[in-house]
Each structure stands twice: as C-alpha cells, then as structure tokens.
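Written below as structure tokens is the structure these notes are about.
Within every chain, numbering begins at 1; the chains are lettered A, B, ... in the order of the sequence lines, protein sequences first and strands thereafter.
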Protein chains: 2
Amino acid sequence: MNKRPTIRDVAAMAGVSVATVSRVLSGDYPVANATRTKVQRAVRELDYVVNAHARALSGSTSNVVALVMYDVVTPFFAFIASGVEYQATESDRLCLVCTTHGDPDRELEIVKLMREQHADAVILVGGVNMTDDYRERMYRYAKGLEDAGSRLVLCGRPSLGPDFPAITVEYDNAGGAFSATSHLLSSGHRRIAMLGGPIGNTTFDARLDGYRRALEAFRVTVDPALITHGDMSQDAGFRQVQRLLAEGVEFTAIFAANDFVAAGAMRALRAAGKSVPDDVSVIGYDDTPFAPELTPALTSVHLPHEELGRTAVKLALQRGEGSTRQHVMLGTHIAMRDSVRPLI
Amino acid sequence: MNKRPTIRDVAAMAGVSVATVSRVLSGDYPVANATRTKVQRAVRELDYVVNAHARALSGSTSNVVALVMYDVVTPFFAFIASGVEYQATESDRLCLVCTTHGDPDRELEIVKLMREQHADAVILVGGVNMTDDYRERMYRYAKGLEDAGSRLVLCGRPSLGPDFPAITVEYDNAGGAFSATSHLLSSGHRRIAMLGGPIGNTTFDARLDGYRRALEAFRVTVDPALITHGDMSQDAGFRQVQRLLAEGVEFTAIFAANDFVAAGAMRALRAAGKSVPDDVSVIGYDDTPFAPELTPALTSVHLPHEELGRTAVKLALQRGEGSTRQHVMLGTHIAMRDSVRPLI
DNA sequence: ACGAGTAGGGTAAACGCTTTCTAAGATCGT
DNA sequence: ACGATCTTAGAAAGCGTTTACCCTACTCGT
C-alpha cells in the first residue's frame, strides 16, 4: 500500500512550488499553460487528490451540507432528503445525513458535531413541539452554528420570527388541509372526521387548523367528537376509526393527518364492512408513493417534498446581505384519486 | 458574531497548555483531576467545540462513513441507508450520503471525493452490470481508497473474488428467488411467469437463476415464453403482464423481480378482469413497506435491508488481520400474505 | 529608452489540532 | 536519605493545504 501523495510530491515531480500546484488545482490564479500542463500530468501520474481536511482547515469552507431528520425511510423525509442531496451535489457539496428519531439529546449532539464539521448549512427537517424549551434550544443552536459559519435552516417547520437567525422553508400545511377539507365539503360532506396527529406538533396542529377554518368557511360547526388524535402510524388510523365506529359517531368522510393514518383508516372501514368511497370518503396528506396503490387509490394532499429540500440548500448557500433569515412558503395541491365521492 | 474559540483560547483560560486541553478532550492520557476540571469549565464557558478538520488532519481518521447508492427514496436503498446510518452513529461516525442514479461518471467522481475526505469506509450499494469495465473500475477504486486508508464495501452486490481488496455483504438473491418459486410450485403452480429486471444486472440475474433452479428442482421445464424483462418499475410490470396476456401465454402464477413490478402486474391483471389470487397468484421481492397495503396484500421475499447496512459498517470499521476482504451473505425469508393461493 | 503595469511563480506564515519528546515534582523502596 | 519510578504537564514538530506578500521579467505607452 503506497502512502498517498501530497501536494509536495506533485510539486516535486512537476518541478514547481506547492503554491503553483495549489493554484493550478483551484484555477483562480493565472498560471502559464506549460506549467499547468506539467502540474496536471504530475497529478495524473501520482493519482493525487487533495486532502479535504487540510483544505477545509486552511481555507474556511468544508463544502458539506448537513441534513438532520427524524428518520431516513419515511417517505416524507426520504423525498426531502432526495431534494437536499440533489441540490447539494448541484452546488458541489457533500451531504451528511443524521437522524434523531425524535430525541432532543441526539439532536443537540448532532448540532455539536456539525459545528465541529463546519458544515456550510444545517437543515433541520420536520414538525416539532413548539415549546419554550424548543425555542431556547433553537436559539442556542443558531448562535453556535453562526459562530461556526454555518447557516441554520428550518425545513417543514414554522419560522421562529423574522429576527431569528435562521432560514425557514415551509410548505402550506394549513392551506393544504383547508383545500382537502373544502374538497370534501364541496362534495357535500358535512360530518367529516379529522384523524389528527400528536397534539402540539406544529405540522399536525396546522393541519387541524386548516380543517377547522374550512369548516367555518362553509358555516359548518366543528364537532369535537369528530376530532381524534394519535401518532402518525397506520395502527393509529386503524384504532381511531375503530373507536369512532364503536362510539357510534356518525361521519361520511375522513380527513387523515397523513397517508399512513389514512391507510389504517381505510383498513378499519373495510374491516367494519364499510366501503370506501361508497359509504365513507377518505383523504390523506403527504401524497406518499403508495397512495395511488391503495384500493381505492387514495386522494391526498401533495407536498413539494423535493423542492422543499432543494430550496433549503439553495437559500442556505446563497451569500449576500439578508440571506441569513429568509422565509419561504411553498404551496400544495390535491392529488385527486378514487377515495372521495360526492354525497348525493 | 464571535469568532469561534480555538484550543489555545481554552488553554489560556484554563491556564494550561494546549497539549493538556487536547488530552483532557480525548481522555486517553492521565490528567490530574483538578486540571481536568479547570479545562472542562473553560470549555463550557467558551462553548468550545473541536475543529473536526484540524483533528482529522492531525490524527488520521475522519470518522466519516460514505454511502453511495442509486437513489435515496427507493425503499430498498432507504432501508439499507437506515441500517448504515444506525450503525455509523453507533460507532461514533458521521454518514455521508451520495447518489449516482446509475451514472458511472458520477460514481467515479464520488469515489474521488471520498478519497479527498478520507472516509473510513465507502459503501457501494446495489446490483450492477458485471462487465469487464466494471471490474476494472472497481479495481481502480479499491486501490485509490486503500491508499487513502478507506475500506471499500460492496453491499448487495456480488463479491469480486477472495483476492479483491474489498468487503462484501450480500443477501441471498438466488436463494430468495428459489424459495419464492418453490413456494408457488409446492402450491401446485406449474406455469409460473417470471417478470425479470434488466438483463445483465447481477441482482435480477440472480433472481432469475433462483427461479430456474427451483423449476429444475421440481422437474418442471423452463419455458422461455414465461420469462420477460423490463426495468424495475411498476409500469414495466404492467406492460409485461399485458403483453403476456395479449400473446395468449398461459400462466397461473407470477414471480416478479420486485414489489414494484408485482404491483404493476396486479394492476394489469385486475384491468384484464383476472382476480389475484383466485385466477393468478403473485409473489414479489424486497418486501417493500407497501406490500402489505396492496389489495390483496402481497406475498414477498423479505430482505434484511437494515442488517445489510449495519453489517457493512460493522465489518468495515473492524480492524485487524484479514478484515479487509471478508464476505458475508445474509439470508432471506418469505413474508406470506394473501396474493398466493394453492392451485386445486 | 524608461517607468508603470501585469503575468507568473516562489517563500513562508497561518489554519487548529495531536503526539512525541522532555522534564519537573511526587512517591517509593531500601 | 537517595536514586528509581510514576505521574503530570509543557514545548514543539508535524499534518497538507491556502494565501498574503514579495520578487522577477516582460509588455507597453509615450
């Protein structure tokens, strides 16, 4: 095993100084053609590659973007990751991926690691519980990262205010829920069950809010009995519908917190001998890839997942005045399929 | 914005030398308790974090594991990534994720980047076209990475031989296909269509091979008319079944290259008025999360995705003699669900 | 023909750590 | 009480780049 060559070896072989080699490699300084050629040949000959750490230490950017999310397999996160990865390589950056599984300690640990790494951007993805503790934590993160020269990006979670030193890239959670609910309402449904997510989570609170606002816009009173909560799993959807049925709550449509919950709901409905969409219409959220594969194909609120990720990176990497605290909100739309039917 | 503190600042504040600070931080050298406390207080006071690049430059490990795959959203890859990420953080490593989308140039580029980064391990995931060009490319990669002190891991693709300087972690593709096909055969099916993947891809060739071997084991002659090829998409599955039907090829069961293809096949069957599993049994591969959500729930070959990822990292990080060219093969099993029915 | 300007390239000082080498006290056996 | 041994800590030499600074040799305009 050969020791890997350094820039000095290249310089020696090419018969120039290390400064010249460095200049040829970064290409931002005039170098005579003959010299450039000699250096390039030496590089090829030795199969030389720069040492990224030395470069990062000397220069000051690490060319790394960090992505911090709940997990890596949930389609919601996977698609955002896809967008981030895409834009990162587009911008000649590498992409570090970390998962928290919801553990704040792990999150703290990761932010520390990213400060160590001098990541150009740290992108925190997904809804949260908006507590004072959370705000304070974020403030500490923002400070630490700023000192390390990193941009903090909140992706798919609300802004912490225009004064907060972070970029925010969200999508219109409440708006999507409003559309979805309105879609059911204008199809004639009035008894619409809302299978919510965990209480306090910004994402699901916003979806619930959109639901409420749509009902109000249609002058339908919000019946608390129709609103349930659970985690975001299929099982949760299943059980919530089971309970609703057991309690004899009447409804002709369901708006689910996300597609997993919707899938569980449809399963419970089927188990109870109810047909979707003949007896009950169902609409989901996130437009997960399996939505069109369900029977019936699930109508769902489509999110610009990948664009969310791409935008996060793009904004974080863009330099210049005021670029540290932008706020963008992306729109959603309904992907209409077969799980909703007008009430006659 | 404060400049971030360095180890010298900590040393100054604690009234000790930088060497002592370094030793307190790495904790592998005896330091008096009083001194340790002083240093730790200074660290907390200044909110100091080490500079990972300086550390990597000085020491010689970067504590980074790189994952190179086709994409990030396909469940097959996402679950492997999940395992890699898990084991990486377990081993105090960060996880760099790169995608190739099948582009060899991009792959080359990534390997170069990983040499620059001194990644502890570079994990290449997924099936490939086993050409001479490929072997040669891998050999170059292995050389370059070895010189950079990185381990090369081939994950979910065949070994390049015991002399090749890489670790291989595969799962039993042919074995899984053998089991799946045997399952259909022992349910009485004899006319089993095989909806294959792209020709030449190691993964799908192996699955096809397992199919063949199972038929032979049951003394059923392999009918080429029953074997089709396509990419691994749902559309491909749909079209392949459509064509089979149009050509009047008779079959009572389908073994699909993967679950996407199986989903497409079921759709085509339904479109043609055939019932699954009453008219045709279907079995998929990969046991994707949506498999149980299909109607009927899809029987599929379950892969140890996460374990594959975890094992890749574990082997790559384990030091010692002979640890650079191990080869492990993980087993598969059939997840039985509702898409297969015995032929009476 | 001459000073200004520019292209091309070398020298050496950072960058922020780890680690080897060295040395001063403290502790101990005899 | 005195060398030997241990513990603890500092000085300084890298690690492999980038870049500020400096210098030389041309090219021009006049």
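Qualifying side-chain hydrogen bond (donor to acceptor under 3.5 Å, both in side chains) partners for E45(B), counting only residues two or more places apart in sequence or in other chains: none. Taking T324(A) as the reference, R151(A) meet the side-chain contact (heavy atoms from CB on, under 4.5 Å) condition, with sequence neighbours excluded. Y86(A) pairs by the side-chain contact (heavy atoms from CB on, under 4.5 Å) definition with E90(A), R310(A), not counting sequence neighbours. Not counting sequence neighbours, D132(A) has no partner by the salt bridge (Lys or Arg N to Asp or Glu O under 4.0 Å) test. Legend: residues meeting salt bridge (Lys or Arg N to Asp or Glu O under 4.0 Å) with D47(A), ordered by chain and number and at least two apart, are R115(B). With sequence neighbours excluded, no residue satisfies side-chain contact (heavy atoms from CB on, under 4.5 Å) with S58(A).
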Give the table of side-chain donor-acceptor pairs shorter than 3.5 Å for residues 94-114 of chain B, with sequence neighbours excluded, one pair per line with atom names and distance.
unit_1: T99(B); atom_1: OG1; unit_2: E85(A); atom_2: OE1; d: 2.8
unit_1: T99(B); atom_1: OG1; unit_2: E85(A); atom_2: OE2; d: 3.2
unit_1: T99(B); atom_1: OG1; unit_2: H101(B); atom_2: NE2; d: 3.4
unit_1: T100(B); atom_1: OG1; unit_2: G102(B); atom_2: N; d: 3.1
unit_1: D103(B); atom_1: OD1; unit_2: D105(B); atom_2: N; d: 2.9
unit_1: E107(B); atom_1: OE1; unit_2: R137(B); atom_2: NE; d: 3.2
unit_1: E107(B); atom_1: OE1; unit_2: R137(B); atom_2: NH2; d: 3.0
unit_1: E107(B); atom_1: OE1; unit_2: Y141(B); atom_2: OH; d: 3.1

Which pairs of donor and acceptor atoms, one on a side chain in residues 9-25 of chain A, lie under 3.5 Å apart (sequence neighbours left out)?
unit_1: D9(A); atom_1: OD2; unit_2: T6(A); atom_2: N; d: 2.8
unit_1: S17(A); atom_1: OG; unit_2: A19(A); atom_2: N; d: 3.4
unit_1: S17(A); atom_1: OG; unit_2: T20(A); atom_2: N; d: 3.4
unit_1: S17(A); atom_1: OG; unit_2: T20(A); atom_2: OG1; d: 3.2

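At the phosphate of dG10(C), OP1 or OP2 sits under 4.0 Å from a side-chain N or O atom of S17(A). At dG10(C), one or more side-chain N or O atoms of T20(A) fall inside 4.0 Å of OP1 or OP2 (strictly under the cut-off). S58(A) has no side-chain polar atom (N or O) that falls below the 4.0 Å cut-off from OP1 or OP2 of dA14(C).
For residues 116-130 of chain B, the pairs satisfying side chain to side chain donor-acceptor pair (under 3.5 Å) are R4(A)-H118(B), T61(B)-D120(B), R93(B)-D120(B), with sequence neighbours left out.
Of the possible donor and acceptor atoms, one in the side chain of T202(B) sits under 3.5 Å from a partner among the backbone N and O of V128(B). In terms of modelled atom types and a separation under 3.5 Å, the side chain of T74(B) and the main chain of F77(B) share no donor-acceptor contact.
Reading DNA chain D from its 5' end, the first and the last nucleotide to sit under 4.0 Å from a heavy atom of chain B are dT8(D) to dG16(D).
DNA chain D is contacted by R23(B), Y29(B), P30(B), V31(B), A32(B), T35(B) of residues 23-54 of chain B, taking any non-hydrogen atom closer than 4.0 Å.
Over its length, the helix from dA1(C)-dT30(D) to dT30(C)-dA1(D) turns its helix axis by 30°, as judged from the five terminal pairs at each end, rounded to 10°.
Between L57(A) and A19(A), it is A19(A) whose nearest contact on DNA chain C lies nearer the 5' terminus.
Looking at heavy-atom distances under 4.0 Å, T6(B) makes contact with sugar-phosphate atoms alone, never a base.
Going from atom CD1 of I7(A) over to atom C1' of dG10(C) covers 13 Å, rounded to whole Å.
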